[in-house]
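Scroll down for the structure; my scribbles are underneath it.
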Amino acid sequence: MSITAVEFPDAFNMADYFVFSNIEAGRGNKTAIIFEGREITYNEVADKVQRVAQALVGGGLLPEQRVLLCMRDCPEFVYGWFGAIKAGAVVAQINPLLPESDYDYYLAYVKPQFAFVDEASAAAFGAAASRSRHCAGGTNVIGIGAAAGRQFDTWLAAPHRETSAPWPTRKDDPALALHQRDDGAKQGRRSQPHPFSVQHRSLCQGFYRPARKRRDDFRRAALFGYATGTNLMFPFAVGATTVLSRESPTPEILFDLIARHRATVFTSVPTLISKMLEAPPDRRRDISQLRFMWSAGEALPRDLHDRWNATFGVPIIDGIGSAESFHIYISNRPSDVRPGSLGRLVPGYEARLLDDDGKPVARGDVGTLWLKGDSAALHYHGAYEKSKDHLRGGWIVSGDKFREDEDGYWYYEGRGDDLLKSDGIYVSPLEVENCLIQHGAVRECCVIGRKGENGLEKPLAVVFLNDNFTASAALEAEIIALAKSKLARYKAPHWVAFRSTPLPRNDRDKTDRKALRREYT
């Protein structure tokens, strides 16, 4: 697929694209954010974004210095994120629920001039900041809500700020420093995240472009369950209303927010989709007004898709993106859904699949994805080898394995280091997991490789059972037999390990395969 270039003026700031363009289009009085009973208009958002930008510059921010955000979803996140970018800063955002040692690392690596922190991380972050030369040793830490330090509203209201104009930016200036973990665990050391740089114009490419032509489709509330791209940038790109919640999502919270705000679009991850299906009928709410929902973040099993559709009748639009692309680059469409697939390439992206020798694979075979598009990251900051390996002349080479069928639909087969070889042939754990989850006893499962007595690797299925099922040799044989009846025999698990607790998850709420490998291999 060819890439359609989008021209931006040389003088360009992505906050203008997502925030101030709504004011120019006459949507200033429209509700932009719903949060804890409050409705906040685009006029109010634009005012706070402008004031944050002026306050940062008035406080000494210089062009392309970094501003760190460490908070949960709330309006102040929106003001701080867009405001710092409008000011001419480079924004970095991190998890607000990390241990103190991680904040030591981020402060040393990011070197922020300012930081915005809420009460969830205030104590741990504040302790780290007090030891750091950055953020003025804690002086430039802006607290949200009950967080200690300089309070956001007080800081924003300080005099002389209105005379401090934001630094001008260009379309190719860096705007965002996103973090992606490296593969240090393979070398026996702790995995640490490396930030990579994203330009102002890169943030306005890809997934948002066609949607801006169909703003009326999103005129009602859109509830988004995760990620800055889908819970903030997408609704702002189309002038929609986004519903934010600082609470960790539970089925009860999500059902309530969808029903109460009559949301028409919902974005979530398969883990939460599964939990919503498991919720007792008396804890569910009517969500029939949803036009569709997006699923991303991890593979969506075909069985989970079918059960959701049968229960709620709301189409799931599955797709995939990456941090390095900042956007969903392969996706189903509301009018074009092939269950079990990720859909087709999003306009603006080009992709190819190569084997281990760098040669194109045949249609239908598994290969390593090479992706190109104008939203691609520029480089990993301070990580030359990682940049050289994964960002090659405009191509993103993440190590993810995919296949494309004859009709142009794409299927995710896992990360290269997740695939295993059985009988000398690559096996996708996701394919096996999607099969095993169809057994009535299996609530969750993860397939990893384990070497047998002969030293050869075979699939091991780690299974967490549904209620009213008990682990036994007979059940193990039954689960393996199911796989053999639906898959090539070499793909079927050689063993089943039953767990008494749910599968471990990482800080992105994905199954922690590395933890399971350490435990079972």
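Hydrogens, waters and symmetry mates play no part in the numbers below; they use all other heavy atoms, side chains included.
- Residues M14 and C204 come closest through the heavy atom pair CB-SG, 3.9 Å.
- Distance check, rounded to the nearest 0.5 Å: CD of E76 to CG of L69 gives 11.0 Å.
- Not a single donor-acceptor pair under 3.5 Å links the side chain of Q50 to the backbone N or O of D47.
- Annotation: side chain of L272 is in contact with side chain of S268 (closest heavy-atom distance under 4.5 Å).
- More than 12 non-hydrogen atoms from other residues, nucleotides or ligands lie less than 6.0 angstrom from CZ of R260.
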Could you walk me through whether Y42 and F236 satisfy the ring pair (Phe, Tyr, Trp, His ring centres under 6.0 Å) test, starting with their C-alpha distance in whole Å, then the side-chain angles of each, then the deciding distance to 0.1 Å, before giving a yes or no? CA-CA 9 Å; Y42 275 103; F236 273 49; 5.1 Å; yes
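- Counting heavy atoms from C-beta outward, I448 and P429 have side chains that stay 4.5 Å or more apart.
- Figure legend: R201 and F8 shown without cation-pi pairing, the cationic atom not lying both under 6.0 angstrom from the six-membered ring centre and within 45 degrees of its axis.
- Side-chain rings of F234 and W294 approach one another, their centers coming within less than 6.0 Å.
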Test log, rule salt bridge (Lys or Arg N to Asp or Glu O under 4.0 Å), inputs R333 and D318: CA-CA 8 Å; R333 277 71 157 171; D318 195 16; over 6 Å; no
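- When the side chain to side chain donor-acceptor pair (under 3.5 Å) test is applied to S428, the partners found at least two apart in sequence or on another chain are E413.
- Inter-residue side-chain proximity for S121 and L97 is flagged as unmet; no heavy-atom pair is nearer than 4.5 Å.
- The shortest distance between side-chain heavy atoms of M293 and P315 does not fall below 4.5 Å.
- Here the side chain of R262 pairs no donor or acceptor atom with the backbone of A259 at under 3.5 angstrom.
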Q: Run the numbers on R246 and E36 for salt bridge (Lys or Arg N to Asp or Glu O under 4.0 Å), then give the verdict.
A: CA-CA 9 Å; R246 78 176 93 211; E36 296 182 351; 2.9 Å; yes
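- For the atom pair L487 CG and N434 CG, the distance stands at 9.5 Å (nearest 0.5 Å).
- Stacking of R352 on the aromatic ring of W395 is recorded, both the 6.0 Å distance cut-off and the 45° axial limit being met.
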Practice problem: Check the pair D355 / K359 against salt bridge (Lys or Arg N to Asp or Glu O under 4.0 Å), numbers first and verdict last. | Solution: CA-CA 5 Å; D355 63 18; K359 299 178 181 178; over 6 Å; no
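- Side-chain atoms of E64 never come within 3.5 Å of backbone atoms of V90 as a donor-acceptor pair (strictly under, hydrogens ignored).
- N332 contributes atom CG, which lies 7.5 Å from atom OH of Y409 (distance to the nearest 0.5 angstrom).
- Inter-residue side-chain proximity for V337 and I317 is flagged as met; some heavy-atom pair is nearer than 4.5 Å.
- With N22 contributing its side chain and F18 its backbone, the two residues share a donor-acceptor pair below 3.5 Å.
- Inter-residue side-chain proximity for L304 and L277 is flagged as met; some heavy-atom pair is nearer than 4.5 Å.
- S274 places no side-chain N or O within 3.5 Å of a backbone atom of P270 that could act as its donor or acceptor partner.
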In sequence, state the C-alpha distance, the side-chain angles, and the governing distance for Q438 and D303, and then conclude on side chain to side chain donor-acceptor pair (under 3.5 Å).
CA-CA 6 Å; Q438 297 175 44; D303 177 68; over 6 Å; no
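- Residues R344 and D336 are paired through a salt bridge, judged by an N-O separation under 4.0 Å between the basic side chain and the carboxylate.
- Checked by atom type and distance alone, the side chain of S375 pairs as donor or acceptor with a backbone atom of S325 at under 3.5 Å.
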Practice task
Please test Q113 against V67 for side-chain contact (heavy atoms from CB on, under 4.5 Å), starting from the C-alpha separation and ending with a verdict.
Solution key: CA-CA 6 Å; Q113 175 73 0; V67 174; 5.7 Å; no
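- With hydrogens and angles disregarded, a donor-acceptor distance shorter than 3.5 Å links the side chain of S341 to the backbone of R338.
- Side-chain contact between L353 and V366 is absent, with no heavy-atom pair separated by less than 4.5 Å.
- Note on E324 versus K386: no salt bridge recorded, every NZ/NE/NH1/NH2 to OD/OE distance being 4.0 Å or above.
- A donor-acceptor pair under 3.5 Å is absent between the side-chain atoms of Y79 and the main chain of V52, judged by distance alone.
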Start with the C-alpha distance between T31 and E39, add both sets of side-chain angles, then the distance that settles side chain to side chain donor-acceptor pair (under 3.5 Å), and finish with yes or no. CA-CA 6 Å; T31 300; E39 295 192 3; 3.2 Å; yes
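- Here the OG-NE2 distance, from S295 to H305, works out to 9.0 Å after rounding to the nearest 0.5 Å.
- Using modelled atom types, one side-chain atom of D118 and one backbone atom of R72 make a donor-acceptor pair closer than 3.5 Å.
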Go through the steps to decide whether K30 and T241 satisfy the test side chain to side chain donor-acceptor pair (under 3.5 Å), and finish with yes or no. CA-CA 8 Å; K30 180 178 178 179; T241 301; 4.8 Å; no
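- Going from atom CD1 of I328 over to atom CG of L342 covers 10.0 Å, rounded to the nearest 0.5 Å.
- Look at K171 and D10 and you find no salt bridge, because none of the NZ, NE, NH1 or NH2 atoms lies under 4.0 Å from a carboxylate O.
- Minimum interatomic distance between P96 and C70 (heavy atoms only, all atoms of both residues): CA-SG, 3.6 Å.
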| task | Before giving the answer on side-chain contact (heavy atoms from CB on, under 4.5 Å), spell out for D374 and Y349 the whole-Å C-alpha distance, their side-chain angles and the decisive distance to 0.1 Å. | result | CA-CA 8 Å; D374 284 344; Y349 292 96; over 6 Å; no
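- In this structure, the side chains of E433 and P301 stay at 4.5 Å or more apart for every pair of heavy atoms.
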Practice prompt. Give the C-alpha distance, both sets of side-chain angles, the deciding distance and a yes or no for side-chain contact (heavy atoms from CB on, under 4.5 Å) between I23 and S21.
Written response: CA-CA 5 Å; I23 309 304; S21 66; over 6 Å; no
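- Cation-pi geometry between K86 and F20 is met: under 6.0 angstrom from the ring centre, within 45 degrees of the axis.
- Ring centers of F77 and F116: at least 6.0 Å apart, outside the cut-off.
- With rounding to the nearest 0.5 angstrom, the CG atom of N13 is 14.5 Å from the CH2 atom of W167.
- Looking only at distances, no side-chain donor or acceptor of T264 sits under 3.5 Å from a matching main-chain atom of R291.
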| request: Report the C-alpha distance between I316 and L300 in whole Å, list the side-chain angles of each, state the deciding distance to 0.1 Å, and finish with yes or no for side-chain contact (heavy atoms from CB on, under 4.5 Å). | output: CA-CA 10 Å; I316 296 182; L300 176 69; 3.5 Å; yes
